[in-house]
Amino acid sequence: MSPDQIIATLIALMSSATEPAFDPLKAGGHDTHYPVAIEACPRPLGPLEVEGSTVICGRVDVPEDHAATDGQTIPLAFALLKSRSTAPAPDPVIYLHGGPGGHTVQDIPMNAALFDFLRDRRDIILFDQRGAGLSDRTVACYTEFAEEFVQFAKVDEENVFAADGPMAKCLTETVATGVDLSLYNTTQSARDVRAIMHALGYGAYNAFGISYGTKLAQELMRTAPDGLRSVVIDSISRVDSPAYDTNGVPMDQALGWVVDFCMEDDACAAAYPDLEETVHAAGRRLTKEPKLTVAGEEIEAGIMSELIDFSNVVAGPFTAYLPQVFTELAAGETATLEKLITGGFDPDRSAAAIMGRYGAGLRDLDRTLAEVALMEAGQMRSAGDAAAKLLATLSDDLATYGALNTEALLDEALSDVAARLDLDALLAFLRDYTLFIGQDPDRADIETLIATHMPDVEQPRLLGMVAAMTEEDVAAFYRRARVDAANLTALARMIFGLGIIACQEDFPFNSLEGYNAVAADYRFPSIDAGVRESTAPLYGFCELFDKHPREGFHDPVESDIPVLAMSGTKDTQTNPDAAENVVRTLTNGQAVLFPEAGHAVIMFSQCAKDVAEGFIEAPTAPVNAACTAALKPSFHVPPQAQ
């Protein structure tokens with residue numbers, strides 16, 4: 001944060017300045033077919049966000065079935081982040097999140113940071129897709145969330161898809177409500193996107209999809225392309241590829257890129273002359289006795305896939321040490337592996353370490369200046385963190401919408417008392433608190449919650465706060481409960497959302513037989529053990545769902561809309577070669593492969609952000625991706641091999 005940004009934020013907060021462009025949204029939106037209702041943004045907002053000025057949140061009512069003229073509607077949660085420009089481009093960027101079943105609105109700071117590089121010129125639209133995140137009102141299994149709170153808050157991934165597990169119970173409860181789950185699919189979601197843009201008052205716009213969001217983007221181009229100016233698809237799930245049968249292919253390809261990059265590097269190729277065979281030997285050694293150990297714990301064959309998965313989410317020097325790790329594993333050794341996964345090779349960013357690495361050749365005066373500059377940088381970072389906390393607190397206190405003072409005080413007091421409850425009492429409190437997400441606001445229910453679960457000595461103070469709450473405070477309490485529950489059960493809810501969409505539209509396109517056929521052709525068969533363990537249960541879970549495949553949905557999308565397809569070489573969730581393959585049927589598609597980028601390419605380098613930003617500015621121009629050459633990994637070569 002710069003001082004100018006802090007000052008501008010303070011002025012906006014203290015002056016209660018609002019954004020005039022938000023006024024039509026407060027009045028119901030730009031299109032009567034898709035009414036807008038403004039709601040409080042989930043907290044925290046982020047230090048430079050001012051509700052009603054830089055960001056506004058709410059819900060857009062869209063048809064549950066876009067093909068029906070007078071059917072039910074469902075409310076989709078959104079957050080609109082205004083551009084920092086006083087003369088922004090008229091075409092915003094809408095983020096199509098992953099999953100399926102992911103979310104964006106309850107994590108505004110994270111997603112605002114993710115797309116901050118585009119906000120100098122454009123508004124950013126976040127929304128939770130139907131059935132997901134804070135748009136789950138129709139399909140959420142509120143009773144199960146409450147009754148089996150611990151199972152949903154701490155997911156047992158080994159048993160999550162069991163026939164009597166929490167996901168199956170969620171499905172039973174949801175079906176019992178009478179909801180038509182066949183309408184929760186990618187095609188309906190694509191039409192939701194266009195409806196949201198109409199409601200928010202945008203004509204032309206750009207879509208940015210990541211992971212499953214790229215599949216939604218492909219369907220958007222096919223089903224509802226009106227107004228779609230350009231599309232960025234990052235970490236691509238192709239509609240014409242059976243995503244679950246090929247679940248191991250990204251990991252197989254990512255491992256292949258490690259080997260291939262090493263073979264292209266003269267020093268690495270000399271140190272590890274037959275790395276591909278070494279990888280095979282490492283996989284074989286892991287299946288033999290005695291078991292190898294790391295930090296006293298035995299490791300299984302699944303560590304091969306776990307290693308590549310670790311690399312997928314780490315932006316540090318992970319890849320550099322993998323050839324040495326595989327060489328040692330093949331020989332029955334784990335020293336480098338243990339140091340790698342415990343962070344032993346992570347760079348030391350302290351002032352002393354930086355001076356030790358780079359300061360030896362400096363003159364005394366220059367060395368002193370460098371040391372002082374590094375100390376100042378550390379102090380500036382601390383001051384920035386402190387300013388961020390102060391701004392966030394002031395923003396909540398002065399917010400036009402959201403938690404009011406009395407409700408915020410009650411939440412703070414309840415949190416303090418709950419932290420002192422024993423485990424059983426805390427779980428009982430959380431179970432009943434979670435039930436608030438499915439109810440209409442009622443002051444009496446808050447009083448009952450306190451009387452049932454809070455210690456007698458605390459009740460008069462807490463009940464006094466409830467008595468002082470306005471009706472707006474009561475509504476804010478319920479909104480906070482909903483977001484709290486969403487955060488606590490985010491993984492479980494995402495898994496359920498994935499099941500709703502994947503099991504209905506991706507089967508029988510996927511099958512266990514198909515998985516086995518793909519696995520038989522892996523370049524590195526040793527990765528199958530870990531992949532199969534995590535993937536196979538999904539096939540059994542999907543047997544619980546009725547199937548609703550749509551004719552033509554799995555055909556490649558043909559379109560002349562400008563598309564930037566981005567893939568990363570260490571992505572273990574979507575194929576590194578997907579960018580090259582998907583643009584074959586996209587007349588104005590451009591593919592870029594980013595070395596050393598994992599899932600969600602734009603998170604791994606400034607190069608990726610710059611390429612995406614340049615494309616959105618001029619979608620029909622050739623992208624300049626020259627910066628990718630500098631991203632190729634360098635490899636650790638042990639002294640004895642040099």
*Asks:* Around atom CD of Glu264, are there more than 12 heavy atoms from other residues, nucleotides or ligands closer than 6.0 Å?
*Replies:*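 Check passes, neighbour count above 12.
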*Asks:* Report the distance from atom CD1 of Ile236 to atom OG of Ser241, rounding to the nearest 0.5 Å.
*Replies:*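 Between atom CD1 of Ile236 and atom OG of Ser241 there are 11.5 Å.
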*Asks:* Should Tyr205 and Val193 be marked as a side chain to side chain contact (heavy atoms under 4.5 Å, CB included) after you check the CA-CA gap, both sets of side-chain angles, and the distance that decides it?
*Replies:* CA-CA 10 Å; Tyr205 71 102; Val193 173; 3.7 Å; yes
*Asks:* Going by heavy atoms in the side chains, are Phe326 and Leu255 under 4.5 Å from each other?
*Replies:*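 Phe326 vs Leu255: side chains touch.
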*Asks:* Say whether, by atom type as modelled, one donor and one acceptor occur between the side chain of Asn588 and the main chain of Asp560 under 3.5 angstrom.
*Replies:*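 Pair found, side chain donor or acceptor close to backbone of Asp560.
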*Asks:* So, taking the atom named CZ in Phe318 and the one named CZ in Phe310, what distance separates them when rounded to the nearest 0.5 Å?
*Replies:*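 One gets 6.5 Å once the value is rounded to the nearest 0.5 Å.
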*Asks:* Using distance alone, with no hydrogens and no angle criterion, decide if Glu219 and Thr186 have a side-chain donor and acceptor under 3.5 Å apart.
*Replies:*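 Per modelled atom types, Glu219 and Thr186 side chains form no pair under 3.5 Å.
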*Asks:* Are more than 12 heavy atoms from other residues, nucleotides or ligands located less than 6.0 Å from atom CD of Gln72?
*Replies:*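 It does not: Gln72 CD has 12 such atoms or fewer within range.
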*Asks:* Do side-chain atoms of Arg238 reach the backbone of Ala578 as a donor and acceptor pair under 3.5 angstrom?
*Replies:*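 No, because the side chain of Arg238 does not come within donor-acceptor range (under 3.5 Å) of the backbone of Ala578.
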*Asks:* Evaluate ring pair (Phe, Tyr, Trp, His ring centres under 6.0 Å) for Tyr244 paired with Phe509, printing each intermediate quantity in order.
*Replies:* CA-CA 9 Å; Tyr244 305 101; Phe509 187 54; over 10 Å; no
*Asks:* Within the supplied structure, the quantity of interest is the number of heavy atoms (other residues, nucleotides, ligands) at a distance under 6.0 Å from Glu551 CD; does it exceed 12?
*Replies:*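 No, not enclosed.
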*Asks:* Under a plain distance cut-off of 3.5 Å, with no hydrogens placed, do Gln324 and Tyr272 share a side-chain donor-acceptor pair?
*Replies:*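 A donor-acceptor contact under 3.5 Å links the two side chains.
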*Asks:* Identify the two heavy atoms, one from Ala335 and one from Glu328, that lie closest to each other, and give their separation to 0.1 Å.
*Replies:*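 Heavy-atom minimum between the residues: N-OE1, 3.5 Å.
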*Asks:* Provide the closest heavy-atom pair for Val231 versus Ala217 in the form atom of the first, atom of the second, distance.
*Replies:*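 Of all heavy-atom pairs spanning Val231 and Ala217, the closest is CG1-CB, 3.9 Å.
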*Asks:* What's the verdict on salt bridge (Lys or Arg N to Asp or Glu O under 4.0 Å) for Glu64 and Arg130, showing C-alpha distance, side-chain angles and the deciding distance?
*Replies:* CA-CA 9 Å; Glu64 188 172 37; Arg130 56 174 57 200; 6.0 Å; no
*Asks:* To the nearest 0.5 Å, how far apart are SG in Cys607 and CG in Leu631?
*Replies:*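 It is 4.5 Å, given to the nearest 0.5 Å.
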*Asks:* Counting C-beta onward and ignoring hydrogens, is there a side-chain heavy-atom pair between Val258 and Lys570 closer than 4.5 Å?
*Replies:*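 SC-SC contact between Val258 and Lys570 ruled out.
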*Asks:* Indicate whether any N or O donor in one side chain lies under 3.5 Å from an N or O acceptor in the other, for Thr319 and Glu596.
*Replies:*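 Indeed, the side chains of Thr319 and Glu596 share at least one donor-acceptor pair under 3.5 Å.
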*Asks:* Could you walk me through whether Asn312 and Asp571 pass side chain to side chain contact (heavy atoms under 4.5 Å, CB included), step by step?
*Replies:* CA-CA 5 Å; Asn312 173 48; Asp571 186 351; 4.0 Å; yes
*Asks:* With no hydrogens and no angle check, is any side-chain donor or acceptor of Asp309 less than 3.5 Å from a backbone partner on Ser305?
*Replies:*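 Side chain of Asp309 to backbone of Ser305: no pair is present.
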*Asks:* Look up atom CZ in Arg222 and atom CZ in Phe553, then write down how far apart they are to the nearest 0.5 Å.
*Replies:*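 Output value for this atom pair is 7.0 Å.
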*Asks:* Is the closest side-chain heavy-atom distance between Leu538 and Leu498 below 4.5 Å?
*Replies:*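 With C-beta onward as the side chain, the pair touches.
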*Asks:* Just wondering, do Leu181 and Leu171 contact through their side chains at under 4.5 Å, heavy atoms?
*Replies:*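 Yes, at least one pair of side-chain atoms sits under 4.5 Å.
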*Asks:* Please say which of Lys547, Arg550, Lys215, His548 ends up in a side-chain hydrogen bond (donor to acceptor under 3.5 Å, both in side chains) with Glu505.
*Replies:*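 Of all the options given, the one that passes is Arg550.
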*Asks:* Given Gln129 and Tyr184, is the side chain to side chain contact (heavy atoms under 4.5 Å, CB included) satisfied, shown in steps?
*Replies:* CA-CA 9 Å; Gln129 296 157 24; Tyr184 290 76; over 6 Å; no
*Asks:* At their closest point, which heavy atom of Gly248 faces which heavy atom of Tyr522, and how far apart are they?
*Replies:*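 Shortest heavy-atom separation between Gly248 and Tyr522 comes out as CA-OH, 3.3 Å.
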*Asks:* If every non-hydrogen atom of Asn185 is compared with every non-hydrogen atom of Ile501, which pair is closest and at what distance?
*Replies:*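 Taking Asn185 first and Ile501 second, the nearest heavy atoms are CA-CG1, 4.4 Å.
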*Asks:* With distance as the sole criterion, is a donor-acceptor pair present between the side chains of Thr535 and Asn247 under 3.5 Å?
*Replies:*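 Indeed, the side chains of Thr535 and Asn247 share at least one donor-acceptor pair under 3.5 Å.
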*Asks:* Do Asp240 and Arg584 sit within salt-bridge range, that is, some charged N less than 4.0 Å from a carboxylate O?
*Replies:*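 Looking at Asp240 and Arg584, the cut-off is not met.
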*Asks:* For the pair Gln590 (side chain) and Val623 (backbone), establish whether a donor and an acceptor sit closer than 3.5 Å, ignoring hydrogens and angles.
*Replies:*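 Indeed, once roles are kept as given, a pair shorter than 3.5 Å links the two residues.
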*Asks:* Determine whether Met304 and Val279 make a side-chain contact, defined as any pair of heavy atoms from C-beta on separated by less than 4.5 Å.
*Replies:*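 Sidechains of Val279 and Met304: in contact.
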*Asks:* Check for a donor-acceptor pair, side chain of Ser235 on one end and backbone N or O of Thr574 on the other, with a separation under 3.5 Å.
*Replies:*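 No: the side chain of Ser235 does not pair with the backbone of Thr574.
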*Asks:* Rounded to the nearest 0.5 Å, what separates atom SG in Cys503 from atom CG in Asp546?
*Replies:*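 Here the rounded value is 11.5 Å.
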*Asks:* Testing the basics here: between Thr278 and Ala330, what is the closest heavy-atom pair and its distance to 0.1 Å?
*Replies:*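 Minimum heavy-atom contact is O-CB, 4.0 Å.
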*Asks:* Which heavy-atom pair separates Pro576 from Gln253 by the least distance, and what is that distance?
*Replies:*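 Distance-wise, the nearest heavy atoms are CD-OE1, 3.0 Å.
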*Asks:* Does the Ser605 side chain pair with the main chain of Ala608, one donor and one acceptor, at a distance under 3.5 Å?
*Replies:*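 Yes; at least one donor-acceptor contact below 3.5 Å.
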*Asks:* Can you find a side-chain donor-acceptor pair between Thr104 and Asp128 that sits under 3.5 Å?
*Replies:*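 A donor-acceptor contact under 3.5 Å links the two side chains.
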*Asks:* Quick one: pull up CG in Leu564 and CD in Glu613 and give me the separation to the nearest 0.5 Å.
*Replies:*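 So the gap between those two atoms works out to 12.5 Å.
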*Asks:* Ignoring hydrogens and angles, tell me if any N or O in the side chain of Thr628 forms a donor-acceptor pair with the backbone of Ala625 under 3.5 Å.
*Replies:*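 Checking the backbone N and O of Ala625 against the side chain of Thr628, a donor-acceptor pair under 3.5 Å is found.
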*Asks:* Taking Asn510 for the side chain and Asp245 for the main chain, is one N or O donor matched with an acceptor at less than 3.5 Å?
*Replies:*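 Checked: pair present.
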*Asks:* Under a 4.5 Å cut-off applied to non-hydrogen side-chain atoms, are Ile210 and Leu114 in contact?
*Replies:*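 Ile210 vs Leu114: side chains touch.
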*Asks:* If we count only N and O atoms by modelled type, under 3.5 Å, do the side chains of Gln188 and Asp65 hold a donor and an acceptor together?
*Replies:*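 Their side chains do contain a donor-acceptor pair, which is all the 3.5 Å distance test asks for.
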*Asks:* Can you tell me if Gln504 uses its side chain to pair, donor with acceptor, with the backbone of Ile500 under 3.5 Å?
*Replies:*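 Yes, the answer is positive, given that a donor and an acceptor are paired below the 3.5 Å cut-off.
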*Asks:* Any non-hydrogen side-chain atom of Ile341 less than 4.5 Å from a side-chain atom of Glu306?
*Replies:*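 No, too far: nothing below the 4.5 Å cut-off.
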*Asks:* Starting from the C-alpha separation in whole Å, work towards a yes-or-no answer on side chain to side chain contact (heavy atoms under 4.5 Å, CB included) for His103 and Met494.
*Replies:* CA-CA 8 Å; His103 57 267; Met494 187 178 77; 5.6 Å; no
*Asks:* Do Ile94 and Asn206 touch side chain to side chain, with heavy atoms closer than 4.5 Å?
*Replies:*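 Of all side-chain heavy-atom pairs linking Asn206 with Ile94, none is under 4.5 Å.
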*Asks:* Yes or no on salt bridge (Lys or Arg N to Asp or Glu O under 4.0 Å) for Glu277 and Arg284, after CA distance, side-chain angles and deciding distance?
*Replies:* CA-CA 11 Å; Glu277 174 52 36; Arg284 291 193 295 268; 2.7 Å; yes
*Asks:* Is it the case that the side chain of Ser135 and the backbone of Gly131 share a donor-acceptor pair, with hydrogens and angles ignored and the cut-off at 3.5 Å?
*Replies:*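 Checking the backbone N and O of Gly131 against the side chain of Ser135, no donor-acceptor pair under 3.5 Å is found.
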*Asks:* Under the criterion ring pair (Phe, Tyr, Trp, His ring centres under 6.0 Å), which of Phe208, Phe115, Phe127 is the partner of Tyr95?
*Replies:*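 Of Phe208, Phe115, Phe127, ring pair (Phe, Tyr, Trp, His ring centres under 6.0 Å) with Tyr95 is met by Phe115 alone.
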